[in-house]
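A short write-up of the structure that comes next.
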Amino acid sequence: MQRTPRDVAPAKPGPSGPATPTATAASPQIQLIPASAEGALDAAEEAVDLLLDSGRAPGDVLVITTGAQHPWAEHELSFGETSYWAQHDTGDDVFYADAAVASRAATRPVVVVAVNGGPASAAATALPLAHSRAGALLIVCGDPQQINSVLGAGV
């Protein structure tokens with residue numbers, strides 16, 4: 001059977017302007033909060049508070065520590081890893097992870113890193129990972145020289 005022009009559906013018009021780039025195509029904005037290793041966790045907490053106070057949803061935020069774990073993570077891990085990671089998977093609250101397990105964390109719009117000690121390799125591993133997990137914003141709290149040496153000068 002041969003089709004006639006009336007059997008063909010009319011073409012639908014496409015977008016009139018250029019396609020917008022996807023979120024994955026753009027790099028997240030990077031903010032550096034200078035802090036000592038001892039003060040990095042406090043600086044990260046202040047950054048999270050400011051994000052939440054400005055209207056950011058708690059589930060949008062992932063916090064990674066390079067040294068001692070955040071007290072929330074320690075507390076939640078006391079109930080077992082299954083429960084801890086289940087909270088991550090629900091995605092409705094700020095999630096805190098140690099750099100050693102952060103690769104298991106999913107991408108979130110905002111990632112805050114507290115460079116609060118740990119082996120020298122912790123920051124070198126955590127910062128590029130955090131950069132890849134941050135959708136829109138990466139906030140790094142720690143020694144500017146160390147952070148710039150890992151992420152690149154001028155951060």
Q) Would L41 and V113 show up in the same hydrophobic cluster when neighbours are defined by side-chain heavy atoms closer than 4.5 Å? A) no

Q: Take Q87 and D93, measure what side-chain contact (heavy atoms from CB on, under 4.5 Å) needs, and give me the verdict at the end.
A: CA-CA 8 Å; Q87 290 185 28; D93 205 353; over 6 Å; no

Q.
Please say yes or no: joined through hydrophobic side-chain contacts below 4.5 Å, possibly via intermediate residues, are L32 and V111 part of one cluster?
A. yes

Q. Do N116 and T66 touch side chain to side chain, with heavy atoms closer than 4.5 Å?
A. yes

Q) Are W72 and H75 an aromatic pair by the rule of ring centers under 6.0 Å? A) no

Q. What pair of heavy atoms forms the shortest contact from I33 to A43, and how long is it?
A. CG2-CB, 4.1 Å

Q: Quick one: closest heavy-atom pair of A40 and A114, and the distance?
A: O-CB, 3.8 Å

Q: Could you list the residues that satisfy side-chain contact (heavy atoms from CB on, under 4.5 Å) with R56, not counting sequence neighbours?
A: L51, D60, V61, P109, V110

Q) Is the backbone of A106 close enough, under 3.5 Å, to the side chain of H88 for a donor and an acceptor to pair up by distance? A) yes

Q. Between V150 and L138, is there a shared hydrophobic cluster once you connect ILVMFWY residues whose side-chain heavy atoms come closer than 4.5 Å?
A. yes

Q | Closest contact, heavy atoms only, G67 versus D98 | A | O-OD1, 3.3 Å

Q) Shortest non-hydrogen contact from A102 to R133? A) O-NE, 4.1 Å

